[in-house]
Amino acid sequence: MDAKRFVIGTLAGGIAVLATGYLIFAMPPFREFYADAMTSGSATGVQRDSPLLWAVALGALSYSALVTLAIGTRAGAVNIGAGIRIGALAGFLLWLTADLMFYGISNVGNLTSAVLDPLLELVPGAIAGGVIAAVVGKVR
């Protein structure tokens with residue numbers, strides 16, 4: 001994969017991650033679930049009143065760069081279906097790692113959120129993977 005495809009895939013995937021992340025995690029019912037999970041145990045007041053959008057955007061770009069690299073390192077052409085599978089798997093593994101590490105070393109969140117979050121991340125990862133595969137496949 002050349003630099004042009006990597007940048008275009010990362011940007012397109014970042015937009016997809018931000019959009020689907022907002023629809024899933026900032027809307028009811030999961031917004032309340034995560035608000036409760038973030039204040040479980042002695043970790044109170046850890047959720048920001050208003051998120052730092054620049055940090056969220058950079059995180060989405062990092063996430064989509066990982067998916068773009070996973071798609072780009074596959075041998076042969078990757079179609080949208082393969083992009084969806086790769087994105088879903090990359091998102092699941094990324095967030096399973098992060099959530100279980102955070103659960104193991106901090107008092108932010110609970111075991112339910114550490115297990116449910118990676119399952120929910122299948123959706124943004126899959127959508128981003130499909131978008132990235134579609135966009136990168138059209139770039140010459």
Side-chain angles (χ1 to χ4, degrees):
M1 172 175 292
D2 60 9
K4 179 179 177 182
R5 287 182 176 182
F6 175 75
V7 169
I8 291 171
T10 298
L11 291 174
I15 292 167
V17 166
L18 282 173
T20 56
Y22 175 78
L23 291 175
I24 294 172
F25 301 108
M27 305 292 285
F30 294 112
R31 178 182 58 210
E32 288 80 16
F33 171 76
Y34 281 104
D36 290 342
M38 293 289 285
T39 58
S40 65
S42 62
T44 58
V46 295
Q47 191 169 10
R48 293 184 181 274
D49 290 331
S50 59
L52 300 175
L53 295 181
W54 65 267
V56 174
L58 287 177
L61 287 174
S62 174
Y63 187 165
S64 65
L66 174 70
V67 175
T68 303
L69 286 171
I71 289 170
T73 57
R74 289 280 303 240
V78 176
N79 59 25
I80 294 172
I84 289 169
R85 288 189 301 277
I86 293 167
L89 182 60
F92 174 77
L93 292 174
L94 170 71
W95 285 104
L96 183 64
T97 300
D99 287 333
L100 289 176
M101 294 282 226
F102 282 135
Y103 178 71
I105 63 172
S106 72
N107 196 24
V108 176
N110 55 35
L111 185 57
T112 303
S113 65
V115 172
L116 181 61
D117 186 53
L119 294 172
L120 291 173
E121 281 296 336
L122 287 166
V123 176
I127 292 172
V131 167
I132 292 165
V135 169
V136 168
K138 292 192 183 298
V139 176
R140 301 268 182 242

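Quick caveat, the model's predicted, so the values are computed rather than measured.
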In terms of heavy-atom contacts, G9 and V136 come closest through CA-CG2, 3.8 Å

### Task
Answer yes or no: is there a side-chain heavy-atom contact under 4.5 Å between L120 and W95?
no

*Considering only heavy atoms from C-beta outward, does the side chain of T20 approach that of F25 to under 4.5 Å?*
no

Heavy atoms of L119 and V115 approach each other most closely as CG-O, 3.6 Å

dist I80:CD1 -> R85:CZ (nearest 0.5 Å) comes out at 12.0 Å

When rounded to the nearest 0.5 Å, the distance separating CG of L89 from CG of L94 is 11.0 Å

Grouping I, L, V, M, F, W and Y whenever their side-chain heavy atoms are under 4.5 Å apart, do I15 and L18 come out in a common cluster? no

| query | Transitively linked via ILVMFWY side-chain contacts under 4.5 Å: L122 with V67? | reply | no

What one should report as the nearest heavy-atom pair of A114 and Y103 is CB-CB, 4.1 Å

Check: Would L52 end up clustered with L58 when hydrophobic side chains under 4.5 Å apart are linked, directly or stepwise?
Finding: yes

When hydrophobic residues are tied together by side-chain contacts of less than 4.5 Å, even through go-betweens, does M1 share a cluster with I86? yes

A16 and A128 have their tightest heavy-atom pair at CB-CA, 3.9 Å

Correct closest heavy-atom pair for V135 and A12 would be CG2-CB, 4.0 Å

Indicate yes or no: at least one non-hydrogen side-chain atom of D99 is less than 4.5 angstrom from one of E121.
no

Rounded to the nearest 0.5 Å, the OH atom of Y63 sits from the OG1 atom of T68 at a distance of 11.5 Å

I'd like to know if the side chain of S64 reaches the main chain of L61, judged simply by a donor and an acceptor atom lying under 3.5 Å from each other, with no hydrogens or angles considered.
yes

Check your understanding: Can you check side chain to side chain contact (heavy atoms under 4.5 Å, CB included) on V123 and I24, steps first, answer last?
Key -> CA-CA 9 Å; V123 176; I24 294 172; 3.5 Å; yes

Check your understanding: Can you get from L116 to F102 by hopping between Ile, Leu, Val, Met, Phe, Trp and Tyr side chains that sit under 4.5 Å apart?
Key -> no

Assess the residue pair I8 and R5 against the criterion (side chain to side chain contact (heavy atoms under 4.5 Å, CB included)); give the C-alpha distance rounded to whole Å, side-chain angles, the decisive distance to 0.1 Å, and a yes or no.
CA-CA 5 Å; I8 291 171; R5 287 182 176 182; 5.9 Å; no

Between P124 and V17, the two heavy atoms sitting closest are O-CG2, 4.5 Å

The single option from T10, L11, I71 that satisfies side-chain contact (heavy atoms from CB on, under 4.5 Å) with I132 is I71

